[in-house]
Each structure stands twice: as C-alpha cells, then as structure tokens.
S.K.: 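This is the structure I have questions about; it appears just below.
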Amino acid sequence: HEPGVGDGGERHRAHLHPVSWVFPAQVLATALILGVVPGNALKLALMLVVWAAGFRRLSGREWLTVLGVNALFFGMNFGALQKGFFRFEQPDLAGMPVYELFMWGFYTLNAARFIEGPVPRERRGLALALAVAFSIPFSTIANDGWLLAATGSVLVVALFFFHDKGDLAFTGYLVGMGALIEYVGVWTGQWSYPANPVGGVPLWFITMWGGVGLFTRRLLVPLMVKP
C-alpha cells in the first residue's frame with residue numbers, strides 16, 4: 001500500500017487503486033442529485049451519503065482543509081451574489097441553497113483523492129500570490145468577456161510556472177467537473193447567469209474551475225498531507 005492523502009504520506013495515491021473509479025462516480029452521482037432531487041435539504045442529505053460512502057475516513061488535515069475551503073467559498077459566493085454575477089433560484093441562507101455551503105470542499109477533496117502524483121511543496125509563496133491575483137477579477141469585473149480575458153491571462157501565467165503532469169491533471173479534471181456541474185445546475189433551474197450566455201453558462205467557468213484545480217494541487221493538497 002502506497003501512503004496517500006489522509007494517512008500522512010508524502011505521496012498521495014502514487015498508483016491508481018482499484019477503487020479510483022469511486023471518485024468520478026461521486027461527481028456523477030452529485031450532479032444527478034443536484035439536477036433531479038427536489039428540495040435543497042434532501043439534495044444535501046443524499047450528497048452527504050454519497051460523499052461519506054466514497055471518502056470513508058477523513059484525516060484531521062483533510063477536515064480542516066475542507067472546512068477552510070467551504071468558509072472561503074461561502075464568502076466568495078456571497079460577494080459574487082451581491083454583485084449579481086449569478087443567482088440561485090431557491091436560496092436558503094445568504095442567497096444560497098444549503099447544499100452550496102458544502103460543495104467546494106467536496107470538489108477539492110474529490111480531486112485530491114482521485115488524482116495521483118507527488119505532493120508539491122516548492123514555490124508555495126508564488127502559488128499563493130498567483131491565486132490572489134486570480135481571485136481579484138471575480139470581485140471587480142462584471143463583463144463576461146473581460147472576466148474571461150483577465151482570469152485566463154492569470155491562469156496562463158500560473159501554468160507557465162506550474163505545469164507538471166499533476167498540475168495539468170488537476171486543472172483538466174476540475175474543468176471537466178465544472179462543465180458537468182455548471183450545465184446540470186443551469187439547465188435544471190438551480191441557478192442562472194445574467195445576459196443569457198450561450199448554453200446558459202458564461203465561458204469564464206472554464207478559467208474559474210481550471211484555476212481552482214491548479215491551486216488546489218499547489219496550495220491545498222500540501223495542507224492535506226503531513227510532510
């Protein structure tokens with residue numbers, strides 16, 4: 001058994017395990033629940049069952065990281081909702097459905113559990129600076145085209161510095177996950193974006209989810225795994 005995320009190893013899942021399919025299946029099941037199950041509380045209850053079945057045990061470091069991610073995205077979502085970047089159709093708290101308070105912790109932990117590779121610990125200050133620069137346009141730019149250009153530019157710079165196989169895997173995996181979640185969410189009436197973008201989802205979702213993937217690997221995975 002190779003040491004992995006949650007058991008203090010320096011590498012997380014250095015080889016794909018037979019249960020690896022569980023983590024993409026978690027995402028598919030979460031999207032299905034999001035789109036077809038009525039009621040926000042029931043959605044959350046079923047999502048928690050799916051997540052618990054797949055993740056099983058979380059380490060203390062994973063719990064702290066997931067809680068921190070959920071708190072961070074609660075604040076970011078609240079700010080974006082106040083500025084009219086998007087809206088949830090059936091909110092429960094602070095303009096959000098109750099399940100949204102837990103979603104981003106799930107996304108990041110799912111990627112960390114699924115994608116193999118060494119834990120990056122170098123140039124974390126640079127990664128943090130780029131993550132901050134990447135987040136700024138989401139609170140300052142309202143135009144979809146300019147937001148795509150600004151976040152895409154920062155993401156390209158970040159990928160110039162961080163582009164090993166793990167970085168690209170996290171970036172691509174989160175873009176794919178984001179496409180599934182965003183289109184299911186919009187097409188089933190869970191949330192909507194202004195200006196009626198083609199397909200209902202603005203193209204900056206690609207850079208947003210891709211950036212989350214890259215910075216998950218560079219900043220969050222090292223927090224989940226004990227040196």
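Starting from 1, each residue takes its place in the sequence as its number.
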S.K.: Run the numbers on Y107 and W209 for ring pair (Phe, Tyr, Trp, His ring centres under 6.0 Å), then give the verdict.
M.R.: CA-CA 10 Å; Y107 301 144; W209 284 83; 4.9 Å; yes
S.K.: List in chain and number order the residues that pass salt bridge (charged side-chain N to carboxylate O under 4.0 Å, His left out) with D164, two or more places apart in sequence or in another chain; answer none if no residue qualifies.
M.R.: R217, R218
S.K.: What pairs with T188 under side-chain hydrogen bond (donor to acceptor under 3.5 Å, both in side chains), at least two apart in sequence or on another chain?
M.R.: Q190
S.K.: Measure the spacing between CG of L180 and OG1 of T30 and express it to the nearest 0.5 Å.
M.R.: 9.0 Å
S.K.: So if I apply the ring-ring contact (aromatic ring centres under 6.0 Å, His included) rule between Y193 and each of F85, Y183, F88, W204, which one comes out positive?
M.R.: W204
S.K.: Transitively linked via ILVMFWY side-chain contacts under 4.5 Å: L72 with L64?
M.R.: no
S.K.: What's the spacing between L101 CG and L93 CG if we round to 0.5 Å?
M.R.: 6.0 Å
S.K.: Any pair with a residue in residues 24-54 that passes ring pair (Phe, Tyr, Trp, His ring centres under 6.0 Å), sequence neighbours left out, goes on the list, sorted by first then second residue, please.
M.R.: W51-F106
S.K.: Can you tell if the side chain of I115 reaches within under 4.5 Å of the side chain of K165, non-hydrogen atoms only?
M.R.: no
S.K.: Group every Ile, Leu, Val, Met, Phe, Trp and Tyr by side-chain heavy-atom contacts under 4.5 Å, then state whether F215 and F160 land in the same group.
M.R.: yes
S.K.: Can you give me the closest heavy-atom contact between I181 and A31, atom names plus distance?
M.R.: CD1-CB, 4.1 Å
S.K.: Salt bridge check: are E62 and R113 linked by an N-O gap of less than 4.0 Å?
M.R.: yes
S.K.: Is there side-chain contact between M47 and L34, with heavy atoms separated by less than 4.5 Å?
M.R.: yes
S.K.: Rounded at 0.5 Å granularity, tell me how far CG in N77 sits from CG in N70.
M.R.: 10.5 Å
S.K.: Nearest 0.5 angstrom please: M103 CE to M96 CE, how far?
M.R.: 13.0 Å
S.K.: Which pair of heavy atoms, one from V221 and one from A112, lies closest together, and at what distance?
M.R.: CG2-CB, 4.0 Å
S.K.: Shortest non-hydrogen contact from P222 to P120?
M.R.: CG-O, 2.9 Å
S.K.: Is it the case that one hydrophobic cluster holds both V49 and L42, taking links as side-chain heavy atoms less than 4.5 Å apart, direct or via other members?
M.R.: no
S.K.: Side-chain contact, heavy-atom cut-off 4.5 Å: F23 with L109?
M.R.: no
S.K.: So which of L220, T108, T216 actually passes side-chain contact (heavy atoms from CB on, under 4.5 Å) with F170?
M.R.: T216
S.K.: May I ask you to decide if L214's main-chain N or O and D167's side chain share a donor-acceptor pair within less than 3.5 Å?
M.R.: no
S.K.: Using a 4.5 Å cut-off on heavy atoms from C-beta on, say whether the side chain of F55 contacts that of Q26.
M.R.: yes
S.K.: Could you state whether L219 and V157 fall into the same hydrophobic cluster, counting links through intermediate Ile, Leu, Val, Met, Phe, Trp or Tyr residues with side-chain heavy atoms under 4.5 angstrom apart?
M.R.: yes
S.K.: Report yes if the side chains of L32 and V36 come closer than 4.5 Å at any heavy-atom pair, otherwise no.
M.R.: yes
S.K.: Classify the ring geometry between F134 and F138 as parallel (under 30°), tilted (30 to 60°) or perpendicular (over 60°).
M.R.: perpendicular
S.K.: Does L155 reach the side chain of T151, with side-chain heavy atoms less than 4.5 Å apart?
M.R.: no
S.K.: Are L28 and V50 connected in a single hydrophobic cluster, I mean Ile/Leu/Val/Met/Phe/Trp/Tyr linked by side-chain heavy atoms less than 4.5 Å apart?
M.R.: yes
S.K.: Checking N40 side chain against Q90 main chain: does a donor-acceptor pair fall under 3.5 Å?
M.R.: yes
S.K.: From T65 OG1 over to M224 CE, what is the distance, rounded to the nearest 0.5 angstrom?
M.R.: 5.0 Å
S.K.: Would F73 and V212 count as a side-chain contact (heavy atoms from CB on, under 4.5 Å) if you check the C-alpha gap in whole Å, the side-chain angles of each, and the deciding distance to 0.1 Å?
M.R.: CA-CA 11 Å; F73 274 90; V212 170; 4.0 Å; yes
S.K.: Do D144 and L203 have side chains that approach each other closer than 4.5 Å (heavy atoms only, starting at C-beta)?
M.R.: no
S.K.: Quick one: does D92's side chain get under 4.5 Å of Y99's, heavy atoms only?
M.R.: no
S.K.: Rounded at 0.5 Å granularity, tell me how far CD1 in I141 sits from CH2 in W146.
M.R.: 8.5 Å
S.K.: Assess the side chains of W191 and E182: does a donor N or O sit below 3.5 Å from an acceptor N or O?
M.R.: yes
S.K.: Report yes or no: does W104 contribute a side-chain atom to a donor-acceptor pair with the main-chain N or O of A71 at less than 3.5 Å?
M.R.: no
S.K.: Which pair of non-hydrogen atoms, one from G84 and one from P194, has the smallest distance, and what is that distance?
M.R.: O-CG, 3.5 Å
S.K.: Can you name the nearest heavy-atom pair linking F74 to A94, along with the distance?
M.R.: CZ-CB, 3.9 Å
S.K.: So that I can tick it off, tell me whether R87 and E89 are bridged by a salt bridge, with the cut-off set at under 4.0 angstrom between side-chain N and carboxylate O.
M.R.: yes
